[in-house]
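Here the structure comes first, spelled out in structure tokens, and everything after it is commentary.
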Amino acid sequence: MAVAAVVMLVVSPRLYSENGAMASGIFYDPGAPTFLLKKSALDSTGIPFTSHASDKPFGSYLQQTLDFGPFKELFDAISAASNATIHSRGEAHITVITPPEFDLVLKPGGVTIEEIESIATANGIQNARLMPVCLGRFNGTLPDPAHSTDKAGFLLYSLVVADVYSDLLTIRRKIFKLYGEKGGQGALFQPEAFWPHVTIGYDRQDLFIEDGIYKGSNYCYAPIRTTS
Ligand SMILES: *[C@@H]1O[C@H](CO)[C@@H](O)[C@H](O)[C@H]1NC(C)=O
Ligand SMILES: *[C@@H]1O[C@H](CO)[C@@H](O)[C@H](O)[C@H]1NC(C)=O
């Protein structure tokens, strides 16, 4: 019985990731180890919603707040496996509306951060049902370094996440609806242009879509196995 339970624990996440790999074209680095993550890491039901509303430029955004504990363990394992020095943010979250989406599009379109937060909390942002996809890594130079402060290489790790029931996408679609009702230009906000992930660590700074970095399953580097 005990043996069977252990085998299930080890085998089923592996099957999940291999099936997922076939279905969605995930390519892992052949030399990458499998990293472990607590099964409960993406369950934030018991964690209060945190507001990120600010008058400062690019200070307002929407996030699902996660417990840092399991992500600290993942960070430590990645640090130990890599010879590079990487830094953690000391917290874990999934950005649902980015600072540029708010400052450059939604805010000028008349959508307030309070309206965004009220859509998010009414739709249970902290209860969003998510699954880990893989550990993503970028280790290289940016395609257009003129937009960055540095032309040298960057190293970045994130947990790529699947919004399996579109819980977070639904929030983005409702924000889009409000934006449209206020006369916003549809071309400027794409609810589906959304690659949920948890930033785990980086050598110098985090990188974003604006830098040319897409954090979907295209970004996968190493498999993630969930543990209880
Ligand atoms: C890390 O450094 C050690 C000791 O310098 C070396 O043996 C090992 O090959 C390095 N690992 C990687 C992944 O570069
Ligand atoms: C990142 O790439 C550089 C250059 O190819 C390589 O020397 C370095 O070992 C890589 N870093 C990691 C953590 O793999």
Side-chain angles (χ1 to χ4, degrees), residues 26 28-29 32-33 35-38 40-44 47-52 54 56 58-82 84-103 120 125-126 128 130-143 147-150 152-164 167-169 171-172 193-224 226:
I26 292 177
Y28 297 119
D29 183 311
F35 290 92
L36 306 180
L37 181 70
K38 274 213 180 75
S40 60
L42 293 167
D43 177 0
S44 66
I47 298 171
F49 172 74
T50 42
S51 167
H52 293 275
S54 165
K56 291 189 191 131
F58 300 102
S60 297
Y61 50 94
L62 179 67
Q63 73 171 45
Q64 178 183 357
T65 303
L66 304 171
D67 174 18
F68 181 50
F71 295 98
K72 171 74 166 71
E73 288 175 18
L74 179 57
F75 171 83
D76 289 342
I78 295 166
S79 284
S82 139
T85 302
I86 54 168
H87 308 284
S88 159
R89 279 187 192 285
E91 51 83 26
H93 70 267
I94 293 167
T95 301
V96 179
I97 296 289
T98 68
E101 283 178 324
F102 181 69
D103 269 37
I125 187 170
Q126 289 297 121
L130 307 169
M131 290 282 285
V133 174
C134 67
L135 180 71
R137 182 181 79 165
F138 176 68
N139 179 27
T141 55
L142 298 180
H147 290 179
S148 164
T149 51
D150 202 315
F154 290 86
L155 177 64
L156 171 67
Y157 293 92
S158 322
L159 182 77
V160 177
V161 163
D163 180 19
V164 273
D167 293 337
L168 296 176
L169 185 57
I171 292 172
R172 287 180 57 86
F194 177 52
W195 295 276
H197 63 273
V198 183
T199 299
I200 305 294
Y202 41 79
D203 59 352
R204 289 184 291 134
Q205 63 165 80
D206 200 357
L207 298 168
F208 307 97
I209 292 169
E210 301 77 54
D211 300 303
I213 302 300
Y214 293 87
K215 297 171 184 169
S217 58
N218 57 293
Y219 175 46
C220 287
Y221 153 72
I224 289 283
T226 52

Close side-chain approach of Y202 to F154, heavy-atom, < 4.5 Å: no
Closest non-hydrogen atom pair between G212 and P143, with its separation: CA-CG, 4.3 Å
Sidechain-backbone polar pair: D29 side chain, Y221 backbone, donor-acceptor under 3.5 Å: no
Close side-chain approach of I224 and V160, heavy atoms under 4.5 Å: no
4.5 Å side-chain heavy-atom contact, H93 and T50: no
No-hydrogen, no-angle side-chain donor-acceptor test under 3.5 Å, H52 and S54: no
Donor-acceptor side-chain pairing of Y61 and T95 below 3.5 angstrom: no
Separation of I78 CD1 from I86 CD1 (nearest 0.5 Å): 5.5 Å
Note, I94 side chain near L66 side chain (heavy atom, < 4.5 Å): yes
M131 side chain near L42 side chain, heavy-atom distance below 4.5 Å: no
Residue pair F49, T65: steps toward the side-chain contact (heavy atoms from CB on, under 4.5 Å) verdict: CA-CA 6 Å; F49 172 74; T65 303; 5.8 Å; no
R172 versus I97, closest heavy-atom pair with distance: NH1-CD1, 3.7 Å
Whether D67 side chain and G69 backbone form a donor-acceptor pair below 3.5 Å: yes
Inter-residue atom distance S44.OG - Q63.CD, 0.5 Å rounding: 10.0 Å
Exam field: side chain N218 to backbone G216, donor-acceptor pair closer than 3.5 Å: yes
Stepwise side-chain contact (heavy atoms from CB on, under 4.5 Å) check, R137 with L156: CA-CA 6 Å; R137 182 181 79 165; L156 171 67; over 6 Å; no
CG-CD1 distance between L74 and I200, expressed to the nearest 0.5 angstrom: 4.5 Å
Spacing of S79 atom OG and H87 atom NE2 [to the nearest 0.5 Å]: 9.5 Å
S82 versus Y157, closest heavy-atom pair with distance: CB-OH, 3.7 Å
Closest contact, heavy atoms only, P132 versus L37: CB-CD2, 4.3 Å
Check against side-chain contact (heavy atoms from CB on, under 4.5 Å), L36 and T226: CA-CA 6 Å; L36 306 180; T226 52; over 6 Å; no
Which atom of A222 lies closest to which atom of P33, heavy atoms considered: CB-O, 3.3 Å
Heavy-atom donor-acceptor pair, N139 side chain to L155 backbone, under 3.5 Å: no
Identified side-chain contact (heavy atoms from CB on, under 4.5 Å) counterpart of V161 within the set V198, V133, L168: V198
S158 and T199 side chains, donor-acceptor separation under 3.5 Å: no
Gap separating the NE2 atom of H197 from the OH atom of Y219, nearest 0.5 angstrom: 7.0 Å
Working for side-chain contact (heavy atoms from CB on, under 4.5 Å), residues D163 and F194: CA-CA 10 Å; D163 180 19; F194 177 52; 4.1 Å; yes
Main-chain N/O of T98 paired to E101 side chain as donor or acceptor, under 3.5 Å: yes
Side chain to side chain, W195 and I209, heavy atoms closer than 4.5 Å: yes
Flag side-chain contact, heavy atom, 4.5 Å: P100 against F58: yes
Atom pair NZ (K215) and CG (L207), whose distance is rounded to the nearest 0.5 Å: 6.5 Å
Pair K72-E91, salt bridge (charged side-chain N to carboxylate O under 4.0 Å, His left out): steps then yes or no: CA-CA 8 Å; K72 171 74 166 71; E91 51 83 26; over 6 Å; no
Taking every non-hydrogen atom, the tightest pair across F68 and S88: CZ-OG, 3.3 Å
Validation row: D206, R89 side chains within 4.5 angstrom (heavy atoms): yes
